[in-house]
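Following: one structure in structure tokens, then a few remarks.
To find a chain, count down the sequence lines: A is the first, B the second, and so on, and within it residues start at 1. Because the structure is a prediction, the values reported are computed rather than measured.
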Protein chains: 2
Amino acid sequence: MVTIKDIARKSGVSVGTVSNVINNLESVKIKNKEKVLEVINSLGYRPNKIAASLSKKKTMNVGLIVPDVSSPFYSDLIKGISDALEINGYNIFLCESNNNIQKEEKIIRDLLSMWIDGIILIPVYSKKRNLHFLENIEIPVVLVNREIEGIKKDIVIFDNFGGAFEATQFLIKNNHKKIPILGGPELSKSFEERFQGWKEAMEENNLYKDNLIFRGDFSVEAGHKMMLEALNKADGIDAVFASSDLIALGALSAIDEYNLKVPDDISVMGFGDIYLSKFLKPSLTTIRRPFYNIGKTAVSLLLDRISGNTQKKITKFIIKGKLEIRDSVKIPDQPE
Amino acid sequence: MVTIKDIARKSGVSVGTVSNVINNLESVKIKNKEKVLEVINSLGYRPNKIAASLSKKKTMNVGLIVPDVSSPFYSDLIKGISDALEINGYNIFLCESNNNIQKEEKIIRDLLSMWIDGIILIPVYSKKRNLHFLENIEIPVVLVNREIEGIKKDIVIFDNFGGAFEATQFLIKNNHKKIPILGGPELSKSFEERFQGWKEAMEENNLYKDNLIFRGDFSVEAGHKMMLEALNKADGIDAVFASSDLIALGALSAIDEYNLKVPDDISVMGFGDIYLSKFLKPSLTTIRRPFYNIGKTAVSLLLDRISGNTQKKITKFIIKGKLEIRDSVKIPDQPE
DNA sequence: TTGTAAGCGTTATCAC
DNA sequence: GTGATAACGCTTACAA
């Protein structure tokens with residue numbers, strides 16, 4: 001392995017000068033600089049970032065902790081984060097918490113001992129979270145997509161309430177009246193917010209009823225089951241608000257089994273805009289979450305902290321969704 | 001920041017002993033070990049991996065280079081790799097080449113200067129690849145999913161030929177005779193292999209004809225377009241082999257526009273098994289690629305090299321796909 | 001079993 | 001502008 005010392009020796013300057021050349025310091029005489037660069041090339045020298053990090057106490061690495069790498073929900077987020085960090089010269093340690101709080105804490109400890117410069121955390125949902133531990137992490141941390149009560153950290157989240165409200169409003173405006181919600185798990189905050197959005201829109205229009213609420217989890221199977229329940233129980237359903245696209249998918253197939261047509265007999269509103277929702281038949285009207293931008297925003301918050309704004313107030317970004325109007329919701333009197 | 005020295009001082013032993021405790025060396029007297037552990041806890045000491053790496057010349061980090069992080073195709077692969085590395089105590093540097101060969105080479109250089117212990121590379125397809133550069137990387141490299149001619153590295157790839165052959169055979173066995181292929185880009189090796197698989201199966205059964213070949217890229221739009229072409233050109237098509245699930249999706253919608261029914265009027269065979277293929281209506285019969293296992297295999301090859309098997313012969317794993325029989329292919333005389 | 005000290009490859013300080 | 005050298009926090013001979 002060729003080091004800075006070898007370069008120094010071969011080019012007849014000191015290690016300090018070589019270091020300055022490598023780091024593009026202006027102060028180096030042009031002649032020396034050229035000589036050093038030449039030797040670097042001929043010897044195939046490669047700077048050792050580990051050594052530099054040890055000396056500088058800065059690694060230019062950040063940790064990204066995701067509950068599940070393979071989830072299509074996070075892939076755009078990861079991309080947004082990855083792109084933004086790359087532009088700024090940072091590398092990513094990608095870690096997966098597997099939705100397990102112990103694992104998440106272990107990862108954080110490991111990352112800290114690698115002297116990363118900051119952490120972007122998509123937190124696991126957990127009642128057993130050690131707030132003290134999280135709060136006392138000595139490097140910048142940005143939370144994404146999930147709030148943790150009692151934690152004072154910069155955060156970027158999606159506007160679940162607003163999205164659900166808008167989605168439901170859209171259904172109502174288009175003349176739908178009996179609109180059950182196909183919900184997620186009770187303890188999910190995201191779902192709770194979506195639920196509240198739906199509820200508020202329904203109440204505002206005097207359409208709210210307790211028996212319009214169905215609960216399951218965020219899966220296709222659950223969507224299928226809830227939709228069947230809804231169809232069995234309630235009469236005259238003219239639309240349904242699925243609180244995730246996966247649920248909507250399940251709903252679609254349940255409706256199909258009932259020999260009803262979407263959107264003619266019943267409209268389906270999704271939530272989340274997963275990849276492929278637009279390719280379904282009928283394509284799914286849904287709320288798109290701009291994950292790529294959420295990722296970019298998280299990075300800018302993080303880099304801001306890393307560059308020293310430690311006294312700045314905690315900021316909370318709430319990113320709005322976008323209604324994607326496609327074919328699964330019936331729009332009356334639409335001009336041809 | 002508390003260091004090993006502080007621990008040594010407080011616990012009345014030497015830094016060497018502390019180091020041994022941290023690294024679980026047996027040789028430490030139990031009494032000292034306990035004392036040291038106690039001090040470590042009370043001071044909240046955290047080992048500095050950077051310093052350890054510099055000293056040990058080993059980082060326990062590996063680089064993973066992916067063309068596109070957000071692609072659903074790679075998410076399972078990333079998960080397989082991530083899980084397997086984690087079990088073995090390694091961390092991942094996730095990098096994205098954006099399908100750009102310059103970027104890929106830059107990433108490799110960066111990773112090398114971070115002293116990672118090995119690289120798992122999903123290579124960009126490129127005619128302008130610098131083989132010499134790749135071949136001379138001084139740490140273990142495992143290639144995944146794409147072969148590079150002239151490069152002697154361990155590799156794990158998917159059996160595109162076999163998968164396409166099996167898929168086509170399946171169609172033929174089930175009484176389909178006129179089976180166009182909806183193909184990918186000409187320069188894609190993966191597609192070329194799938195094409196050959198299809199061709200061989202067709203020829204073996206005297207079904208092959210030049211005019212059954214359509215070409216586009218691996219996208220929904222291309223699938224749509226190719227399917228329309230096929231329907232316009234050829235008569236009596238009873239099945240179609242889409243060389244990717246995305247293409248199959250496009251084909252499905254084209255067929256729908258033609259007011260034909262899948263699978264009654266025409267069968268559709270996909271390739272790749274993307275997430276959601278099983279949720280389509282009709283659900284897509286396709287070839288599943290076991291990406292998770294491909295990832296795990298790649299890791300085991302890499303770790304094998306890292307642990308010193310440098311003289312071992314290059315190994316090439318060809319992982320077989322699995323036919324997922326669902327609803328988009330018509331199976332005659334099926335008992336009810 | 002433990003302590004001492006050299007060394008890992010860089011950066012940064014401070015004379016010159 | 002440059003060179004010498006201490007420092008970064010840890011591991012690892014080697015000696016005790």
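- Taking atom CD1 of residue B:Ile7 and atom C1' of nucleotide D:dT11, one finds them 16 Å apart after rounding to whole Å.
- If you check D:dG9, D:dT11, C:dT10 against the side chain of A:Tyr45, the one that comes closest is C:dT10.
- With rounding to the nearest 0.5 Å, the separation of CD1 in B:Ile101 from CD in B:Glu104 is 4.0 Å.
- OP1 or OP2 of C:dT10 has not a single side-chain nitrogen or oxygen of A:Ser19 nearer than 4.0 Å.
- Nearest nucleotide to the side chain of A:Lys29, out of D:dG9, D:dG1, C:dT11: D:dG1.
- When the side-chain nitrogen and oxygen atoms of B:Lys49 are compared with OP1 and OP2 of D:dG9, none of them lie within a distance under 4.0 Å.
- When the nucleotides C:dT2, D:dT11, C:dT10 are ranked by their closest atom to the side chain of B:Ser55, D:dT11 comes out on top.
- Distances shown here put a side-chain N or O of B:Thr17 below 4.0 Å from the OP1 or OP2 atom of C:dG3.
- Heavy atoms of other residues, nucleotides or ligands lying less than 6.0 angstrom from NZ of A:Lys296 number 12 at most.
- Residue whose closest nucleotide on DNA chain C sits further toward the 5' end, between B:Ser14 and A:Val18: B:Ser14.
- Atom pair A:Asn48:CG and C:dT11:P shows a separation of 9 Å (rounding to whole Å applied).
- Distance from the side chain of A:Leu54 is smallest to D:dG9 among C:dT10, D:dG9, D:dC10.
- In this structure, B:Leu112 atom CG and C:dG9 atom P are separated by 16 Å, rounded to whole Å.
- For the pair B:Arg109 and B:Phe133, the cation sits on the ring face: its NZ or CZ lies under 6.0 Å from the ring centre, inside 45° of the axis.
- Across A:Arg305, A:Lys312, A:Lys316, a single residue satisfies salt bridge (Lys or Arg N to Asp or Glu O under 4.0 Å) together with A:Asp154, and that is A:Arg305.
- Distances were taken from every side-chain heavy atom of B:Val15 (C-beta onward) to each of C:dC8, C:dT4, C:dG9; the shortest belongs to C:dT4.
- In this structure, CD1 of A:Ile22 is placed 15 Å from P of D:dT2, rounded to the nearest angstrom.
- The minimum heavy-atom distance linking A:Met114 with A:Thr59 is given by the pair O-CG2, 3.8 Å.
- The CG atom of A:Asp6 sits 13 Å away from the C1' atom of C:dC8 (whole-angstrom rounding).
- Out of D:dG9, C:dT2, C:dT10, the shortest distance to the side chain of A:Thr3 is found at C:dT10.
- The distance from atom CZ of B:Arg9 to atom P of C:dG3 is 14 Å, rounded to the nearest whole Å.
- If you check every strand for non-hydrogen atoms under 4.0 Å, A:Asn23 touches sugar and phosphate atoms only.
- A:Lys58 places its NZ atom 12 Å from the P atom of C:dA12, with the value rounded to the nearest Å.
- Here the P atom of nucleotide D:dT2 and the CD1 atom of A:Ile30 are 11 Å apart, to the nearest Å.
- Taking CZ of A:Phe291 as the start and CD1 of A:Ile319 as the end, the distance is 11.0 Å to the nearest 0.5 Å.
- You won't find any donor-acceptor pair under 3.5 Å spanning the side chain of A:Ser27 and the base of D:dG1, going by distance alone.
- Among the heavy atoms of the strands, none lies under 4.0 Å from B:Lys5.
- Phosphate contact (OP1/OP2 of C:dG9, side-chain N/O of B:Lys57, threshold under 4.0 Å): present.
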